[in-house]
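The structure under discussion appears below in the form of C-alpha cells.
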Amino acid sequence: MLSQIIEQSNIDKVEQYLSNYNKIVIVSHVSPDGDAIGSSLGMYHFLKSFDKDVTVIYPNSFPDFLRWMPASESVLKYDRHKKKADEVISHAEMIFCLDFNALSRIDAMKESIEKSSAKKVMIDHHLNPEPFCDVTISHPSISSTSELVYRLINRLGDYEEITLECAQCIYTGMMTDTGGFTYNSNNKEIYYIISSLLAKGIDKDDIYRKVYNTYSEDRLRLMGYVLYEKMQVFNEFNAALIWLTRDEQKKFSFVKGDTEGFVNIPLSIKHVKFSVFLREDTEKDMIKVSLRSVGTFPCNKVANEFFNGGGHLNASGGEVFDTMENAISLFKQAIIKYEDLLTQKE
Ligand code: 5GP
Ligand code: MN
C-alpha cells in the first residue's frame, strides 16, 4: 500500500475540476527533461483515456533520446508555435503545471499562462513553490513529478485507467530523475509503484536502453574530450568543474542532449562530492550551469547564491549572463566560500 502523501482536499479539487472541464493544457519547464516529459505525457495519456481535449505545451524542444516517448510528437513547442499555443492556452479551462515551481521556469510562456483564467494545478517536487496555482501539490521529498502523477491517479481511484503508454511515460520520469534509481531512490514505495507499472506491461530494460544507450558517436567522442581535456578536479575542495564553449560543441556536431549526464561523471571520483558543468548555450546568449552533489552538500544553495538558479539538494541548475571566464571565477568563489562544508567528513 502507498502512503497517502497528497492531501485529500487537493485530490477532491482535482476530481471536481476533471468532472467539470474538458479543455486541458499541460505545461512543463524550459528544456524539458525526462521527468518533465514523463509526467506531462503520463498525464496526457491518462486524460486521453477520459476523452479529454488535451494539449501538452513546452517552452522549447527536447532531446532526441526522449523522442520515442508515446505522444511526444503531439507536443506543441512555444518558441516555434507561439500563436497556436497562445490560442490553445486562451481556451483552456484547466492547466496542469508539471515539474516546475515558478513561472520564470517557463520562459516566454509565463505571460499567457499567468493571464489565463483556467484553473491551475501544480504538481511538483521543487522546494518553495510560488503561489500561482489554484491547487498546489508540492512534495519535495518525492524524487520525481512523475511519481506524484502516479500517486494522484491512484488516489483518484483510476489505476485501472493507466494504459501501457501512460505507464511507460511515468516510469521514464521516475527513472531519469533518480539517475536510473541510483540517487534519491531509497523510498521503498518507489519499488511498489514500479511493480504496478510492470503489471501494466512496461519493459523497464528496454526503456533504460532507449534513454541511456542510444547516443551518437559524436556524443561519445565529446565525452572523451571533456573528460581528458576539460575536467578540472579541485582535490583540496573535493570539487570538480567541466566547461565547454560554443566552438567546442560545434566541433563535435553538438545536438541538444549530448552533454546530458556529463555533470555526474566527476562524482564517480572517490572523494569528489560537488561537480559543476558550465556550457555556453547554443540557442541563447548565456551559460547554462548544472550542479550535482553527493551527500548533504546543498548545490541548490550554491545555484541560488552564485548562478541565478535553484533546484534540489543534490541536483540543481542555473544561468550566467556573463563570460565563461567570469562563470569559472564564480565557481571558484563558491568552492572557497563553501570550503568547510566541502571538506568536512560525512
Ligand atoms: P539540469 O542540471 O539537469 O539542467 O537541472 C537539474 C535541476 O536543477 C532541475 O531538475 C531543476 O530542478 C534545476 N534547475 C535547472 N536549471 C535551473 C534554473 O535555471 N533555475 C532554477 N531555479 N532551477 C534550475
Ligand atoms: Mn523533476
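First listed ligand is number 1; within each ligand, the first listed atom is number 1.
- Annotation for K77: atom NZ counts as buried by contact number, over 12 foreign heavy atoms lying within 6.0 Å.
- Look at H29 and you'll find every heavy atom at least 4.0 Å from all atoms of ligand 1.
- Restricting H125 to its N/O/S atoms, the shortest distance to the Mn ion (ligand 2) is reached by NE2.
- Using a 3.5 Å distance cut-off with no hydrogens or angles, the side chains of S196 and Y150 do pair a donor with an acceptor.
- Nearest protein heavy-atom neighbour of atom 3 (O) of ligand 1: R292 NH2, 3.0 Å.
- Of the protein's heavy atoms, R105 NH1, 3.5 Å lies nearest to atom 18 (C) of ligand 1.
- Considering N60, D99, D35, T145 in turn, D99 is the only one that fulfils the side-chain hydrogen bond (donor to acceptor under 3.5 Å, both in side chains) rule with H29.
- A salt bridge links E283 with K256: the distance from a Lys NZ or Arg NE/NH1/NH2 to an Asp or Glu carboxylate oxygen falls below 4.0 Å.
- Formation of a donor-acceptor pair under 3.5 Å by the D124 side chain with backbone atoms of F100 is found in this model.
- Applying the 4.0 Å criterion to heavy atoms of G318 picks out, from ligand 1, the atoms 16 (N), 17 (C), 18 (C), 19 (O).
- When distances to the Mn ion (ligand 2) are checked against a cut-off of 2.8 Å, D35 contributes an N, O or S atom below that limit.
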Verdict with supporting geometry, C169 and Y44, side-chain contact (heavy atoms from CB on, under 4.5 Å): CA-CA 10 Å; C169 295; Y44 170 90; over 6 Å; no
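- Closest to atom 14 (N) of ligand 1, if we only count protein heavy atoms, is G317 N, 3.4 Å.
- With hydrogens left out, the protein atom closest to atom 12 (O) of ligand 1 is H126 NE2, 2.6 Å, a heavy atom.
- The protein non-hydrogen atom at the shortest distance from atom 19 (O) of ligand 1 is K288 NZ, 3.1 Å.
- Atom 21 (C) of ligand 1 has as its closest protein heavy atom G310 N, 3.3 Å.
- With hydrogens and angles left out, the side-chain atoms of N300 and H126 include no donor and acceptor closer than 3.5 Å.
- When each atom of ligand 1 is checked for a heavy atom of S290 under 4.0 Å away, the hits are 1 (P), 2 (O), 4 (O).
- An N or O contact shorter than 3.5 Å is missing between V289 and ligand 1 by distance.
- Using a 4.5 Å heavy-atom threshold, the side chains of V289 and F331 count as separate.
- Backbone and side-chain nitrogen or oxygen atoms of N308 are examined, and none is located within less than 3.5 angstrom of a nitrogen or oxygen of ligand 1.
- Remark: R279 does not engage D258 in a salt bridge, criterion side-chain N to carboxylate O under 4.0 Å.
- Shortest distance from the Mn ion (ligand 2) to D99 is reached at OD1 (N/O/S atoms only).
- In the vicinity of G311, heavy-atom distances shorter than 4.0 Å reach the ligand 1 atoms 12 (O), 13 (C).
- Not a single heavy atom of E260 sits under 4.0 Å from any atom of ligand 1.
- In D177, the N, O or S atom that comes nearest to the Mn ion (ligand 2) is OD2.
- When only non-hydrogen protein atoms are considered, atom 7 (C) of ligand 1 lies nearest to A315 O, 3.6 Å.
- For the pair D33 (side chain) and A36 (backbone), a donor-acceptor distance under 3.5 Å is present.
- Atom 5 (O) of ligand 1 has its closest protein heavy atom at S316 O, 4.0 Å.
- For the residue pair E325/S329, the side-chain donor-acceptor check at 3.5 Å is not satisfied.
- For atom 20 (N) of ligand 1, the candidate residues are G309, G34, S31; the nearest heavy-atom contact is made by G309.
- Side-chain atoms of S28 come within 3.5 Å of backbone N or O of L98 as a donor-acceptor pair.
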